Amino acid sequence: MKKSILAALAACTLALPLAAQANEAENIAAARQGYYKLMGLDMGALAAMAKGDVEYNAEAAKLHAANLVALTGYSPKGLYAPGTSNADIPGKTRALPAIWEDMAGVSAKGKAYHEALMELAAVAGDGRAALAPAVGKLGGTCKSCHDDYRAKDF
């Protein structure tokens with residue numbers, strides 16, 4: 001009886017760190033998703049103006065661009081902890097393992113995003129004609145990353 005109780009306690013003790021690690025991975029993936037949802041809100045508003053789906057507003061365009069620039073001040077490196085891909089936590093993220101296999105490529109795409117964002121921020125308040133191509137270029141950098149590093153479905 002004592003041996004079975006000790007064995008059960010040992011099994012629980014060993015399982016707790018594994019459960020904590022799984023929960024931590026899910027929390028990191030959720031934080032990463034939150035970061036990109038913030039980007040998506042501002043990018044979506046800019047894209048709607050660029051397409052003419054909503055009326056162009058110079059102040060709003062500058063604000064959305066400034067929000068995106070502000071997000072670049074946050075280093076998302078911690079959001080890419082190993083063990084947080086869709087292979088590690090299925091159904092919780094669309095991040096492909098390719099991210100961790102090609103961090104140089106991810107970094108290069110991040111640099112292209114940053115350069116396109118700085119171009120967009122410089123023209124966001126200059127009218128729809130200036131905004132549209134800059135949004136298109138920025139969106140292209142987003143798509144490039146999605147194409148290579150994000151699964152289509154959970």
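Computed over heavy atoms, backbone and side chain alike; hydrogens, waters and symmetry mates excluded. The structure presented is a predicted model; accordingly, all values stated were derived computationally and were not measured. Position 1 is the first residue of the sequence; numbering continues from there.
- Side-chain atoms of Arg94 come within 3.5 Å of backbone atoms of Lys152 as a donor-acceptor pair (strictly under, hydrogens ignored).
- Of all the heavy atoms in Leu117 and Ala65, the pair that sits closest is CD1-O, 4.3 Å.
- Scanning all heavy atoms of the two residues, the minimum distance from Ala61 to Tyr56 falls at CB-CE1, 3.9 Å.
- Checking side-chain atoms of Asp88 against main-chain N and O of Ser85 turns up a donor-acceptor pair under 3.5 Å.
- Taking each heavy atom of Thr141 and Ala116 in turn, the nearest pair found is CG2-CB, 4.1 Å.
- A single hydrophobic cluster is seen to contain both Met103 and Tyr113, as judged by linkage of ILVMFWY side chains at heavy-atom distances under 4.5 Å, directly or through other members.
- Taken together through direct or relayed side-chain contacts under 4.5 Å among Ile, Leu, Val, Met, Phe, Trp and Tyr, Val106 and Leu71 form part of one hydrophobic cluster.
- Residues Met43 and Leu79 share a single hydrophobic cluster, defined by chaining ILVMFWY side chains whose heavy atoms lie under 4.5 Å apart.
- Inter-residue side-chain proximity for Leu41 and Asn67 is flagged as unmet; no heavy-atom pair is nearer than 4.5 Å.
- Note that CZ of Arg128 and CD of Glu55 are 11.5 Å apart. Values are rounded to the nearest 0.5 Å.
- Relative orientation of the Tyr74 and Tyr35 rings is tilted, given thresholds of 30° and 60° on the angle between their planes.
- The minimum heavy-atom distance between Thr84 and Arg32, with the atom names listed, is O-NH2, 2.7 Å.
- Looking only at distances, a side-chain donor or acceptor of Gln33 sits under 3.5 Å from a matching main-chain atom of Lys92.
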- Would you check, one step at a time, whether the test side-chain contact (heavy atoms from CB on, under 4.5 Å) holds for Tyr36 with Arg150? CA-CA 12 Å; Tyr36 286 107; Arg150 187 174 82 166; over 6 Å; no
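- A 4.5 Å side-chain heavy-atom check between Leu68 and Leu46 finds at least one atom pair inside the cut-off.
- Of all heavy-atom pairs spanning Ile89 and Ala25, the tightest one is CD1-O, 3.6 Å.
- Hydrophobic clustering, with ILVMFWY side chains joined whenever heavy atoms are under 4.5 angstrom apart, groups Val69 together with Leu38.
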- Task: Start with the C-alpha gap between Asp148 and Asp102, add the side-chain angles, then the distance that decides, and say whether side-chain contact (heavy atoms from CB on, under 4.5 Å) holds.
- Result: CA-CA 10 Å; Asp148 293 345; Asp102 184 24; over 6 Å; no
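- A pairwise comparison of heavy atoms in Ala124 and Leu131 identifies CA-CD1, 4.0 Å as the closest pair.
- A chain of hydrophobic side-chain contacts below 4.5 Å, direct or via other Ile, Leu, Val, Met, Phe, Trp or Tyr residues, connects Met39 to Tyr80.
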